[in-house]
Number of protein chains: 2
Amino acid sequence: MPNSVRTFADDEHVWREGDRAFHCAIVMSGFLVGQKIVGGRNQILSVHVPGDMPDLHMLHLLHMDHDLCSAGPSTIAFVPHTFLNHLLVDSPTLTHAFWRKTLVDAAICRQAVANLGSRDALARVAHFFCELAARLEVVGLLHEDQFRLPFTQQNLADVCGLSTVHINRTVQELRRCGLIEWKAGVVTLFHRDELACVADFTPEYLHLSEGKRPEIHPLPVDAF
Amino acid sequence: MPNSVRTFADDEHVWREGDRAFHCAIVMSGFLVGQKIVGGRNQILSVHVPGDMPDLHMLHLLHMDHDLCSAGPSTIAFVPHTFLNHLLVDSPTLTHAFWRKTLVDAAICRQAVANLGSRDALARVAHFFCELAARLEVVGLLHEDQFRLPFTQQNLADVCGLSTVHINRTVQELRRCGLIEWKAGVVTLFHRDELACVADFTPEYLHLSEGKRPEIHPLPVDAF
DNA sequence: CGAAGTTTTGACACGGATCAAGTGAGGTGG
DNA sequence: CCACCTCACTTGATCCGTGTCAAAACTTCG
């Protein structure tokens, strides 16, 4: 694919709200977050890990409705929309794959709504770690329940809709319970099952292990 | 389109979490909500108005990750996936339109994250009314800033992640300020601009008035 | 070594939850 | 047509989770 790669420092903007994008970003390394100032606070709407295409939706929408910003240093590849559009015209399969990717992002977003609307601070933070671990595992960035996370506690506060002070106390509680460690930008999960229990986390919404999309004329079930 | 129409009473389930769907629902009248029990509470993740296709994502995902449920009586049309898939194979334009629809739903979901994460009760409720009015206006169900809403205050509480008691007080405050009226299942917005101000509502994220998707070989800009 | 940013701690304030009781309004049966 | 029941809405009192403010300890880096 034709592409140009660019590196971003911590807290550098890839797109801003209102921007019109002519390229799709692909996270090669590091983390990107979708965010927006609302009610005087910065609210992180989505977290994107390597392999994600955080602005795939811009293929069909005219203007960004939030900022896209690096959290920690990251390297991003940009592919022209024109190229992708030609690709998609020729390949229904690829179209479905891309579409599906945006649908999984939407499912993750729905889960965030559930998280913010109905869980207390401890469960929210625990859920964040569980989800991130699950997603990083898929792309091979989780090693022995351990992963790099170049976030400040402020970032985590912006994800969880909490104050930094309270995030700090909540993270300490998770540490005290022996569930996680987080220092020098590295997170370790000590008891993933217990953490998942605290978080009320189940990974189904990530739609990870679902079989491939069936052919349009489905095969008999026992063909699988 | 081949379709079967069914009516649902208040609080009847269309799909449940884990279900596999072989038809797409289209809301003909009434309201559907996507919801999920989380942390002992019922959290409404999305609200669907007539014209919406609340489970369009099930064309590509295997299992529902939340319940779909009627709020108030509603009539729903069901179209077989097999039919839609054939339609989409033949029409890239329609594929883009459907894809785009799921992307707008995702944008609305992101806004819900912002809402729950960063706004206080008053702004959340006000935002809900603003958004719903804007969406109903598009489908011609808003008449003189007035629309039918067959919700209980409990439903609204589930949308906003608040208790019924507090929803009640918040709605009363909006009434006291002369911003809304809500009785007998009919909502009236008295000062939409002021309400939008309280809610910090801007409709861009609904991506309503954006021009149509340009052709893949774009025309010169002054062609519009 | 100093400066700036991040994490930690404590004291206190407040928004919203919870609990409990009371008021309606619509639906049903006698 | 009225008595009753149920469910939604309303109100008041109290409690708790989280926010805010302010300062101290620690880190990172120039």
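Labels below follow one simple rule: chain letters A, B, ... track the order of the sequence lines, proteins then strands, and each chain is numbered from 1.
Between A:Ala184 and A:Arg119, it is A:Arg119 whose nearest contact on DNA chain D lies nearer the 5' terminus.
Taking only side-chain nitrogens and oxygens, B:Asn168 comes nearer than 4.0 Å to OP1 or OP2 of D:dT10. Between A:Gln172 and C:dT9, a side-chain N or O to OP1/OP2 separation shorter than 4.0 Å is present. Contact between the side-chain N/O atoms of B:Gln154 and the OP1/OP2 oxygens of D:dC9 is not found at any separation under 4.0 Å. Between A:Gln153 and C:dT8 there is a side-chain polar atom (N or O) within less than 4.0 angstrom of OP1 or OP2.
Here the P atom of nucleotide C:dG16 and the CZ atom of B:Arg124 are 7 Å apart, to the nearest Å. Atom pair A:Leu162:CG and D:dG17:P shows a separation of 14 Å (rounding to whole Å applied). The interatomic distance linking B:Asp10 (CG) with C:dG27 (C1') rounds to 15 Å, in whole Å. What separates CG of A:Asp120 from C1' of C:dT18 is a distance of 15 Å, to the nearest Å. With rounding to whole Å, B:Glu173 atom CD is found 13 Å from C:dG16 atom C1'. Rounded to whole angstrom, the span from the CD1 atom of B:Ile167 across to the P atom of C:dG16 amounts to 10 Å. The CG atom of B:Leu156 sits 13 Å away from the C1' atom of D:dC9 (whole-angstrom rounding). For the pair B:His166 NE2 and C:dT18 P, the computed distance is 12 Å after rounding to whole Å.
Here the side chain of B:Ser163 is nearest to one of D:dG19, C:dA17, D:dT10, namely C:dA17. Residue A:Val165 places its side chain closer to D:dA22 than to any other of D:dT18, C:dA17, D:dA22.
Among the atoms of the strands shown, none is found under 4.0 Å from any heavy atom of A:Gly185. Counting non-hydrogen atoms under 4.0 angstrom, B:Thr152 reaches the backbone sugars and phosphates but no base. Within the 4.0 angstrom heavy-atom criterion, only backbone atoms of the sugar-phosphate kind lie near A:Arg175; the bases stay farther away.
Put simply, the side chain of B:Arg119 never gets that close to the backbone of B:Val125: no donor and acceptor are under 3.5 Å apart.
In terms of heavy atoms, B:Arg124 sits closest to B:Cys160 at NH1-O, 2.7 Å. Closest approach of B:Arg41 and B:Ala157 over heavy atoms only: NH2-O, 3.3 Å.
Remark: A:Asp158 CG to A:Thr152 OG1 distance equals 7.5 Å, nearest 0.5 Å.
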* side-chain hydrogen bond (donor to acceptor under 3.5 Å, both in side chains) between A:Gln111 and A:Asn115, intermediate numbers included -> CA-CA 6 Å; A:Gln111 193 62 38; A:Asn115 218 13; 5.9 Å; no
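No donor-acceptor contact under 3.5 Å links the side chain of A:Arg41 to the base of D:dG19. No hydrogens or angles were tested; on distance alone, nothing pairs the side chain of B:Arg169 with the base of C:dG15 as donor and acceptor under 3.5 Å.
Comparing the helix axis at one end of the helix from C:dC1-D:dG30 to C:dG30-D:dC1 with that at the other, each defined from 5 consecutive pairs, gives an inter-axis angle of 40° (nearest 10°).
Tested against B:Ser29 for a side-chain contact (heavy atoms from CB on, under 4.5 Å), the candidates B:Val49, B:Thr75, B:Leu141, B:Thr7 yield a single pass: B:Thr75.
The aromatic rings of A:His127 and A:Tyr205 lie parallel to each other, their planes meeting at an angle below 30°, with 60° marking the opposite boundary.
Salt-bridge annotation for A:Lys36 and A:Asp65: absent, with no side-chain N of the basic residue lying under 4.0 Å from a carboxylate O of the acidic one.
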